[in-house]
Each structure stands twice: as structure tokens, then as C-alpha cells.
Amino acid sequence: MQPTDLTGLPDGVPEHLAEQGIEELYPPQAEAVEKGVTDGESLVASVPTASGKTLIAELAMLAAIERGGKALYIVPLRALAGEKAREFEQFERYGLSVGVSTGNYQSDGERLANNDLIVATSEKVDSLVRNGARWVDDLACVVADEVHLVDDAHRGPTLEVTLAKLRARVPDLQTVALSATVGNADELAAWLDAELVDSDWRPIDLRTGVHYGQALHLDDGTTRELPVERGEAQTAAIVRDTLQDDGSTLVFVNSRRNAEGAAKRLATVVAKELTSGQRAELAEVAEEIRADSDTETAETLASAVERGAAFHHAGLSRTQRELVEEAFRDRLVRTVCATPTLAAGVNTPARRVVVRDWQRYDGDSGGMKPLDVLEVHQMFGRAGRPGLDPYGEAVLVTDDHDGLEALFDRYIYADPEPVRSKLAAEPALRTHVLATVATRFATTREELLEFLDGTLYAEQTDETGRLEQVTDDVLAYLDANEFIERDDGLRATETGELVSRLYVDPMSAAEIIHGLREADAETTPLGFYHLVSRTPDMYELYLRSGDREKYTELLYERETEIPGSTPSEFSEGEFEDWLSALKTAALMEDWTEELDEDRIAERYGVGPGDIRGKTETAEWLLGAAERLAGELDLDCTTAVRDARKRVDYGVREELLDLAGVRGVGRKRARRLYRAGIEDRSGLRNAEKPVVLGALRGRRKTAESVLAAAGHPDPEMDDVAADPDAAPDEAETTDGGGNAGGDGQASLGDFE
DNA sequence: ATGTAGATCGTCTAGACAGCATGTC
DNA sequence: CTAGACGATCTACAT
């Protein structure tokens with residue numbers, strides 16, 4: 001089948017596709033068309049990565065738009081939302097518009113309601129529905145990318161419930177679910193009343209195997225020599241071998257430390273093969289990495305990159321991750337050692353993939369747990385760049401003979417696990433039951449159960465009554481916390497409705513409300529940071545050895561600043577969680593005391609990416625706390641707002657006003673303040689030489705800052721910097737604050 | 001006394017969504 | 001119910 005055979009698409013699209021070099025549809029794509037994706041037919045496509053899933057989705061969405069409806073594309077990651085939207089924008093010339101909506105990014109220009117094609121994360125879609133987005137009723141087609149993620153215990157239920165809700169709300173909604181190859185694609189299709197395309201077809205050949213001894217044992221039964229030199233790791237030998245064939249290698253490992261360690265060692269292998277031109281280009285990338293952050297993580301990464309290797313994990317900042325991905329795609333960095341961040345994220349294929357570690361620590365099961373077949377296959381799928389490599393090769397590694405056969409059985413010849421719904425767990429149902437009631441989607445227990453009957457869980461379970469039981473437990477919980485009322489039917493209280501719209505876990509909301517009610521004149525920002533940090537929506541910081549004593553001491557020192565009562569030291573788990581939350585709160589306090597990033601990273605043993613992640617979450621939760629405090633008319637509303645703003649800007653109290661000026665962050669605000677400019681109006685009326693001096697003579701910066709502050713004449717030409725206003729760098733290194741510092745600053749700060 | 005291979009012990013462990021209103025150095 | 005890699009420190013023994 002050729003693109004020009006396609007019907008039902010906007011004018012010009014078939015020709016456009018042909019011009020893009022698509023002569024013939026891939027077999028799974030042709031099958032999808034035959035089964036009716038362009039006629040509004042629902043479809044589950046279970047096919048390997050990089051075998052043309054995106055085009056199937058595009059055909060479905062374009063046809064739906066041509067029929068006069070809207071299309072929604074649901075992605076699992078924010079980073080993918082932008083990437084997909086850029087891809088879809090190629091069709092804007094055929095008269096349709098593309099919009100993006102994620103938690104941190106809302107498409108500008110026309111509101112979402114005016115876009116024909118919307119890309120969003122599953123949580124954002126859920127949130128939009130909760131907040132009453134009208135355009136949902138105009139949908140003709142939803143696409144769920146990576147639908148096998150409904151198996152994920154944490155985020156899977158959201159995708160599952162969102163799909164069920166959209167389908168229940170919009171009659172005859174076309175549902176296109178794209179999945180990796182899984183064990184039970186037929187069940188997914190049955191759930192979504194969809195046709196099924198289940199295929200192993202790949203555009204380029206993928207060879208898989210295991211490296212053992214001096215050879216690569218491949219899945220087709222052949223063996224290829226791949227010698228390991230004395231004192232050399234197997235992975236190093238594989239990287240060296242790939243390099244001789246001018247290819248790149250992606251190495252998956254099970255911890256951040258291993259990723260960094262492996263990158264360091266492999267760098268010596270890659271460095272031997274570099275030309276001086278490549279060295280120079282790599283040095284530039286390394287410089288950008290150092291410029292982005294001066295943490296130890298950044299330095300380790302930069303020095304590996306200089307030698308053509310890199311690591312990739314969630315401790316890296318957004319910029320660092322992108323630099324690594326880009327340098328790898330440009331074949332500058334020839335090997336990347338990564339944790340699973342890279343397997344699920346943006347498109348970064350390599351000639352060879354090595355899955356070095358096939359087990360990972362899992363606290364719940366108390367030891368190392370083998371990775372799922374599906375997960376390993378997803379990593380394998382990163383091997384081979386379509387149109388660039390003749391083939392891809394993905395290998396596991398073992399050093400004992402029994403392991404060779406065991407790995408073949410476990411991962412090479414094995415089928416992926418079936419996808420199982422994780423909906424019937426309290427944490428998942430808490431939030432979705434509340435939302436369903438709050439939006440009046442269900443007004444009785446019966447309607448609620450009827451709705452839940454449309455989920456994958458109901459499709460899969462044999463255990464009658466389980467979902468009903470958990471639902472009743474959840475309803476009782478929500479009732480006890482006054483989020484819903486159960487007189488005649490179900491109804492959300494005003495608080496309950498707000499909680500649903502704020503998108504926080506009801507249990508977090510309950511904890512926050514409880515804490516806010518106990519807040520008094522002694523409560524400090526640290527106390528509010530602790531309150532949101534002990535919520536289930538905050539991912540806990542790991543307590544390392546020595547931390548237990550350290551934070552126990554800190555806790556008793558500052559106990560009165562924290563709202564709520566400290567759990568008994570003898571109730572092991574709870575006390576531990578309390579300390580862990582205190583560690584997070586202390587990090588937040590250091591951040592708001594303007595401690596430098598590298599000091600924070602060192603003190604808490606985290607990377608720049610973690611600091612960002614923590615402050616982002618805290619800011620979000622403090623925002624929710626602020627709204628809840630307002631709703632309940634509590635005295636601490638202003639104090640919470642200040643705490644939130646301080647986390648947002650990363651500044652002490654006296655800089656809040658200045659840091660609110662566009663173009664002024666924590667660093668610039670502090671410099672201006674030191675030069676005697678204390679707030680926005682001070683900036684507006686400031687002497688230009690002083691401002692210029694404080695901003696280290698950066699004319700452009702000074703002009704835009706003055707303009708943002710509302711200065712009548714921001715022009716900086718012919719202004720000389722006032723040397724007295726220039727910051728003394730020696731003083732800027734450390735904000736002087738620490739966990740035991742002057743947290744008393746806002747004591748008694750209530751209205 | 002000094003050097004060093006090898007045993008022993010202790011430490012530590014993947015990822016990332018959301019409200020709201022606008023922009024870091 | 002369950003682990004294992006890595007690095008720091010210690011020990012034993014040769015020189």
C-alpha cells in the first residue's frame with residue numbers, strides 16, 4: 001500500500017507523505033489502514049519500537065480531524081510532548097493547528113479549545129477533564145502512546161481511568177492505543193473494543209544475544225568472536241569492538257553510581273580512537289556542561305565527555321541531559337552509560353545496546369530483582385538507527401557459563417509479560433474516585449461502580465468483589481476526611497472538589513489540612529516545607545548512614561517549628577519517614593537561604609536535577625496548601641504563600657519582591673540587594689550606574705531588568721558601571737545558612 | 001620499617017506526573 | 001523469604 005492510496009485525509013497529506021520518502025507503508029501500517037484506522041475504527045497496535053507507530057497515529061488523527069473532530073495524543077513524559085508536537089507540526093500547512101499542554105508548559109496563542117490536535121501527558125488530560133475542559137466533547141480520536149504503561153503501579157491507573165472516562169463521556173470515540181510488544185495485546189483490544197495489529201515486524205534487523213567469555217552468542221544460533229583483553233571489562237571490549245566498526249554503544253546499568261563509574265572507565269577506551277578535531281568539539285560540549293552547573297556531578301560528566309563518553313540519569317539537570325543526548329545523536333559522544341531514563345525517554349538509538357545489569361535493587365522485595373522482560377526488550381529496542389545502521393545489535397553480558405543459558409531463556413527467547421491493571425489499589429483509587437464524584441461523573445455508588453466496570457481492571461479480574469471492596473474503603477476514607485458526603489448518593493464537599501482540581505492525592509490534602517490547622521506562631525517556613533515533604537506526593541530522600549542521628553538531633557532542636565506531632569521514635573517506619581521529610585525540608589531551607597547549588601548537592605548527596613525536582617514538587621504542593629488554607633480560611637495563608645514563593649525563587653525573605661521582577665533570579669536579586677536596591681520600586685528609581693555595576697556591567701541584562709521593573713528610561717548606553725556596586729565574589733559563595741541556621745526569620749509572621 | 005595483594009567490612013541503591021501564572025545567569 | 005558492586009580499611013606476609 002502506498003501513501004497515495006490513502007483516503008479520508010486532509011487534501012495534500014498523501015502527497016506530502018510520499019514526498020517525505022514514504023514509498024510503501026510498512027506492513028503493520030498497511031494492516032492498520034485495512035482495519036480501518038482512517039475510518040474511525042479503534043485500534044490497538046502492538047508493535048516493536050521504531051516500526052512506524054507514529055504514522056499509524058498520525059493517519060488516525062488526521063482522518064478524525066478531516067471528519068471535523070479534534071484529536072488528542074497522550075504521552076507518558078513531558079519531554080515527549082514537545083518532541084511529538086514538533087513532529088505533528090509538519091501537518092499545520094494543511095490547515096490544522098497543534099497545541100501542547102503539560103504541567104509546566106501550556107501552548108501559547110489560541111487556547112487549547114481552538115487546536116485541532118492536542119498533545120498532553122495523561123495526568124494533564126485527567127486534570128483538564130477534572131477542571132471541566134469543554135473541548136473534550138469535540139474529540140473524535142484519542143491516541144494513547146506506550147499504553148503498556150497501564151501496568152505501572154504509580155502512573156498506570158491514571159492512564160487507564162482517563163481512557164475509560166473519555167470513552168464513557170464521548171460516544172463512539174475512536175481509541176488508538178500504541179503499545180510495545182506485550183503478552184496480551186488481545187486483552188487490551190478487547191477492553192477498548194478495538195481491532196488489533198500485533199506484529200514483530202521491524203524496519204531494520206535486530207540481533208540479540210549474550211556476551212560470554214571471548215564471544216558473542218546470538219539468537220540465530222551463531223557465535224561471533226569478540227575477545228576481551230586482560231584486565232578489561234566485557235563491556236569495554238564490546239564498546240571497543242563497536243568503535244572499530246564506527247558505531248556507538250548505549251550501556252544500561254542499574255544505579256547512578258554504576259552509570260558514572262562505567263562512563264569513567266569506558267572513556268579511556270573511547271579516548272584512544274578520537275581525532276583532534278573530535279577532541280576539540282567534545283571539549284566545547286564539556287565546557288557547556290561545566291557552565292550549566294558547578295557541581296561534582298557536572299565535573300565528572302564533563303571530564304568523561306572530553307574523552308567521548310557520558311552518563312545519563314535523573315540527577316542531571318535538564319540542560320545536561322539534553323547536551324548528552326544531542327552529542328550522542330551527533331556521534332560525538334560514542335558511548336552513554338544510562339539508567340532507565342534513556343530507555344523510556346526521547347529518541348536516542350545506537351548501533352549497539354548493552355544491558356549490563358539485568359537486576360536492580362528493590363526495597364520492597366528486600367534485594368535484587370530481575371528486570372521485566374518487557375523492560376529489557378524496550379532497552380533492546382534502542383539498538384539500530386533506522387536508515388542509518390544496517391542493523392542493530394543488543395546484548396546482555398555474563399561471566400559464567402550457566403548465566404549464558406539462563407539469560408537466553410529469561411530474556412532472549414522469552415515473551416514479554418502480560419500487561420496487568422494496577423487500579424485496584426487504594427492510593428490509585430483514592431484520587432480517581434474523588435475526581436469521579438467531584439465532577440458529578442458518578443452521583444451514586446452504583447454509577448461509580450458502573451464506571452469502574454469500564455476499566456481494564458474489570459476486564460481482567462476474576463476476583464469478584466475486590467474492586468467493590470476497595471472502592472468502599474476509599475469512599476469511607478474520603479467521607480471521614482470530609483471530602484465527600486454520602487447521604488442520598490455521593491457528593492463532593494467544597495474542600496473535596498478543590499482537592500480534586502488541585503490534583504493532589506487526597507491523602508496529601510488530608511495531611512496538609514491537618515498540619516495547617518495545627519500551625520501557630522512558632523511555625524516557620526521549615527515547618528511548612530516539612531508538612532509538604534511528608535506527603536505521599538513527595539518522593540522521599542534516602543536516609544544515609546549517619547543521617548538518622550543527624551536529623552534526629554535536628555528534629556528535637558526545631559520540633560516546635562514543625563506543625564503536627566512527631567511520631568514516636570519506637571514506631572519505626574513512621575519516625576523514619578518523619579526524618580526523611582525533615583531532610584527534604586532542610587534541603588528546601590538551604591535552597592531558600594540562598595546556599596549555592598554545589599553546596600546543596602554535596603550536603604545531601606544529590607545531583608542538580610534532584611534539587612530542581614524537589615523544589616518543583618515542593619512549590620506545587622505549597623501552592624496546593626496555600627489554596628487549601630485560603631479555602632478553609634486559616635490564619636497561616638500568608639505565611640504559606642511566602643514559603644511557597646521562597647521555594648519558587650530560591651531566596652531569603654527580603655528578596656521576594658525583587659526576585660518577582662522578570663529577568664531577576666536569586667543571583668541577580670542578591671547582587672542588586674547588596675548594591676542597596678531593596679525592592680521593585682527601589683529598582684525603578686535606582687541610579688543606572690549602580691544597577692549596571694551590580695549586574696557586573698552586563699548592559700543588555702541591565703536594560704531588560706530595568707524595563708521589567710517599569711523604569712521610565714531603561715537605556716544603558718553611555719552609562720558607566722559604578723564600581724562600588726560591583727559584587728564582591730568572595731561573599732557570594734555561601735549564603736551562610738545551614739540546617740541549623742536562622743530559620744527564625746519569619747517567626748510570628750502571621751496576620 | 002615498608003610495600004602490597006588479598007581479605008574483610010560498611011555503604012548504598014531507577015524514575016518523574018500534577019496547580020497557577022509567567023520568565024534564570 | 002531474598003543482593004551485590006564498589007571503595008575504604010585492615011591484615012598478613014615478603015622484602
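These numbers were taken from a predicted model, which means no experiment stands behind them. Below, chain A is the first sequence line, B the second, and so on; all start at residue 1.
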Subject >> Sugar-phosphate only, base, or nothing, as touched by D357(A) at under 4.0 Å among non-hydrogen atoms >> reply: nothing

Subject >> Residues in side-chain hydrogen bond (donor to acceptor under 3.5 Å, both in side chains) contact with D679(A), at least two apart in sequence or another chain >> reply: S681(A)

Original post:
Hey, does the side chain of T617(A) come within less than 4.0 Å of dC17(B)'s phosphate (OP1/OP2), counting only N and O?
Top reply: no

Original post:
NA contact type, D362(A), heavy-atom cut-off 4.0 Å: base, sugar-phosphate, or nothing?
Top reply: nothing

**OP:** Please name all residues satisfying side-chain hydrogen bond (donor to acceptor under 3.5 Å, both in side chains) with E654(A), sequence neighbours left out, ordered by chain then number.
**Re:** R670(A)

Original post:
What nucleotide, of dA18(B), dC17(B), dA14(B), holds the atom closest to the side chain of L77(A)?
Top reply: dC17(B)

Original post:
Going 5' to 3' along nucleotides 20-25 of chain B, which nucleotides have protein heavy atoms under 4.0 Å from the base (write B), which only from the sugar-phosphate (write S), and which from neither (write -)?
Top reply: S--SSB

Original post:
How would you list all residue pairs meeting salt bridge (Lys or Arg N to Asp or Glu O under 4.0 Å) that involve residues 698-711 of chain A, not counting sequence neighbours?
Top reply: none

**OP:** State which residues pass salt bridge (Lys or Arg N to Asp or Glu O under 4.0 Å) with D610(A); sequence neighbours excluded, sorted by chain then number.
**Re:** R256(A)

**OP:** Return the 5'-most residue of the pair G546(A), H154(A) with respect to DNA chain B, ranking by each residue's nearest nucleotide.
**Re:** G546(A)

**OP:** Sequence neighbours left out, what passes salt bridge (Lys or Arg N to Asp or Glu O under 4.0 Å) with E576(A)? Give chain and number order.
**Re:** R548(A)

Original post:
Could you write out DNA chain B as a dot-bracket string, with dots for unpaired bases, | for bases paired across to another strand, and Watson-Crick or G-U pairs counted at under 3.5 Å?
Top reply: |||||||||||||............

Original post:
Does any donor-acceptor pair link the side chain of T341(A) with the base of dA16(B) at a separation under 3.5 Å?
Top reply: no

Original post:
Below 4.0 angstrom, N of the basic side chain to O of the carboxylate: do D505(A) and R430(A) qualify?
Top reply: yes

**OP:** Kindly confirm or rule out a cation-pi arrangement of R644(A) over W620(A), judged by NZ or CZ under 6.0 Å from the six-membered ring centre and within 45° of its axis?
**Re:** no

Original post:
Should we count CD of Q359(A) as having more than 12 external heavy atoms under 6.0 Å?
Top reply: yes

Subject >> Distance below 4.0 Å between T339(A) side-chain N/O and dG15(B) OP1 or OP2 >> reply: yes

**OP:** Round to the nearest Å and state the distance from I512(A) atom CD1 to dG19(B) atom P.
**Re:** 15 Å

Subject >> Nearest-neighbour nucleotide for the T102(A) side chain, dA14(B), dA16(B), dA18(B) considered >> reply: dA18(B)

Identify every side-chain donor-acceptor pair in residues 365-374 of chain A under 3.5 Å, counting partners at least two apart or on other chains, and give the distances.
unit_1, atom_1, unit_2, atom_2, d
S365(A), OG, D362(A), O, 3.4
S365(A), OG, D362(A), OD2, 2.7

Original post:
Looking across every strand, which nucleic acid part, if any, lies under 4.0 Å from R265(A) by heavy atom: base, sugar-phosphate, or nothing?
Top reply: sugar-phosphate

Original post:
Is any side-chain nitrogen or oxygen of S545(A) closer than 4.0 Å to OP1 or OP2 of dC12(B)?
Top reply: yes

Original post:
Between which nucleotides of DNA chain C, read 5' to 3', does contact with chain A run, using atoms under 4.0 Å from its heavy atoms?
Top reply: dT2(C) to dC6(C)

**OP:** Could you list the residues that satisfy salt bridge (Lys or Arg N to Asp or Glu O under 4.0 Å) with R360(A), not counting sequence neighbours?
**Re:** E375(A)

Original post:
Separation of D547(A) atom CG from dT11(B) atom C1', in whole Å?
Top reply: 12 Å

**OP:** For Y529(A), check ring pair (Phe, Tyr, Trp, His ring centres under 6.0 Å) against everything at least two apart and list the hits.
**Re:** none

Original post:
Quick one: ring pair (Phe, Tyr, Trp, His ring centres under 6.0 Å) partners of H148(A), sequence neighbours excluded?
Top reply: none

Original post:
Counting any heavy atom closer than 4.0 Å, what does R548(A) reach on the DNA or RNA strands: base, sugar-phosphate only, or nothing?
Top reply: nothing

